[in-house]
Amino acid sequence: QVQLVDSGGGLVQAGGSLRLSCTFSGRTFSRYSMGWFRQAPGKEREFVAGVSRGGVNTYYADSVKGRFTISRDNAKNTVYLLMNSLEPEDTAVYYCAASTRGAVPNSSMYDYWGQGTQVTVSS
């Protein structure tokens, strides 16, 4: 019933920027905390950023703090991830996810997932 569609990935040079978007449908968007995760080849899926239901509280992995910004627009049922100063190490498939249990860094706490969007950063 719940569907998440993430988009905005692509190829960018190191130092560049991308903005990912994720649209949510099927349930009341504002009742869900939202998160972004990523998975690089050969690595486990890792938490990138999270935002609370009202958009006031945000959380970031140390590796992206100061470079990435998560935000949400509840009127548009959309969560965003603005990625600045991208590095080759940011290359991964990025997934948005929805949770009724808070914007925590544990993937097991998220109930619904998008299909993923590829981000490739060249050196």
Side-chain angles (χ1 to χ4, degrees):
Q1 185 177 4
V2 172
Q3 295 183 19
L4 284 74
V5 180
D6 39 27
S7 61
L11 175 64
V12 64
Q13 291 185 332
S17 299
L18 283 173
R19 190 180 73 161
L20 307 183
S21 300
C22 175
T23 57
F24 177 103
S25 63
R27 296 286 176 86
T28 303
F29 179 62
S30 60
R31 292 183 177 180
Y32 290 83
S33 299
M34 299 296 296
W36 287 95
F37 292 76
R38 67 187 183 187
Q39 187 166 25
K43 295 185 177 180
E44 295 184 355
R45 186 171 298 184
E46 65 174 345
F47 173 80
V48 176
V51 61
S52 60
R53 293 185 294 176
V56 174
N57 300 310
T58 57
Y59 311 90
Y60 299 94
D62 288 342
S63 59
V64 307
K65 194 171 298 181
R67 299 188 297 121
F68 291 10
T69 302
I70 188 171
S71 62
R72 67 190 294 162
D73 186 341
N74 284 353
K76 296 181 178 179
N77 288 2
T78 302
V79 61
Y80 305 95
L81 184 68
L82 176 62
M83 304 183 293
N84 293 322
S85 301
L86 283 162
E87 304 167 352
E89 292 74 20
D90 297 316
T91 296
V93 177
Y94 284 70
Y95 300 88
C96 64
S99 174
T100 60
R101 292 166 286 185
V104 295
N106 312 97
S107 61
S108 62
M109 295 294 101
Y110 289 78
D111 304 289
Y112 305 103
W113 294 82
Q115 83 284 356
T117 184
Q118 176 72 48
V119 172
T120 302
V121 184
S122 62
S123 60

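Please read these numbers as outputs of a predicted model, since none were measured by experiment.
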| task | Please answer whether the main-chain N or O of Arg53 pairs with a side-chain N or O of Asn74 as donor and acceptor at a distance below 3.5 Å. | result | yes
Please check this pair: side chain of Arg72 against backbone of Ser52, looking for a donor-acceptor N/O pair closer than 3.5 Å.
yes
### Message
If hydrophobic clusters are built by linking Ile, Leu, Val, Met, Phe, Trp and Tyr wherever their side-chain heavy atoms come under 4.5 Å apart, do Val104 and Tyr95 end up in the same one?
### Response
yes
Practice prompt. On the 0 to 90° scale, with breaks at 30° and 60°, tag the Phe37-Phe47 ring pair as parallel, tilted or perpendicular.
Written response: perpendicular
>> Is there a side-chain contact between Trp113 and Arg45 in this structure, where contact means two heavy atoms from C-beta onward sitting under 4.5 Å apart?
In response: yes
**Study point:** Within-4.5 Å side-chain heavy-atom neighbours: Met83 and Asp90
**Key:** no
Nearest heavy-atom contact between Pro88 and Ala14 is CD-CB, 4.2 Å
Are Val119 and Leu18 side-chain neighbours, meaning at least one heavy-atom pair lies under 4.5 Å? yes
- Decide yes or no for Trp36 and Val79: does some side-chain heavy atom of the first lie under 4.5 Å from some side-chain heavy atom of the second? yes
Taken to the nearest 0.5 Å, the spacing of Ser63 OG from Glu46 CD works out to 5.0 Å
### Message
In the structure I gave you, are the side-chain heavy atoms of Thr78 and Tyr80 within less than 4.5 Å of one another anywhere?
### Response
yes
Test side chain to side chain contact (heavy atoms under 4.5 Å, CB included), reference Val48, set Tyr60, Tyr94, Tyr59, output is Tyr94
Nearest heavy-atom contact between Asp73 and Phe29 is O-CE2, 4.0 Å
The reported gap from CD in Gln3 to CG in Asn77 (rounded to nearest 0.5 angstrom) is 12.5 Å
Here the side-chain hydrogen bond (donor to acceptor under 3.5 Å, both in side chains) pairs for residues 114-123, sequence neighbours left out, are Asp6-Gln115, Gln118-Thr120
Looking at side-chain heavy atoms only, is the closest gap between Leu82 and Phe68 below 4.5 Å?
no
Closest non-hydrogen contact found for Gly8 with Leu20 is C-CD2, 3.5 Å
- Does Tyr110 reach the main-chain N or O of Met34 with its side chain, forming a donor-acceptor pair under 3.5 Å? no
Ala98 and Phe24 have their tightest heavy-atom pair at CB-CE1, 3.8 Å
Residues pairing under side-chain hydrogen bond (donor to acceptor under 3.5 Å, both in side chains) where one sits in residues 18-29, two or more places apart or in two chains, turn out to be Gln1-Arg27
Please check if the side chain of Ser99 supplies one atom and the backbone of Met109 the other of a donor-acceptor pair under 3.5 Å. yes
Closest heavy-atom pair, Gly50 versus Ile70, reported as atoms and distance to 0.1 Å, is O-CG2, 3.5 Å
Practice problem: Using a 4.5 Å cut-off on heavy atoms from C-beta on, say whether the side chain of Val64 contacts that of Arg38. | Solution: yes
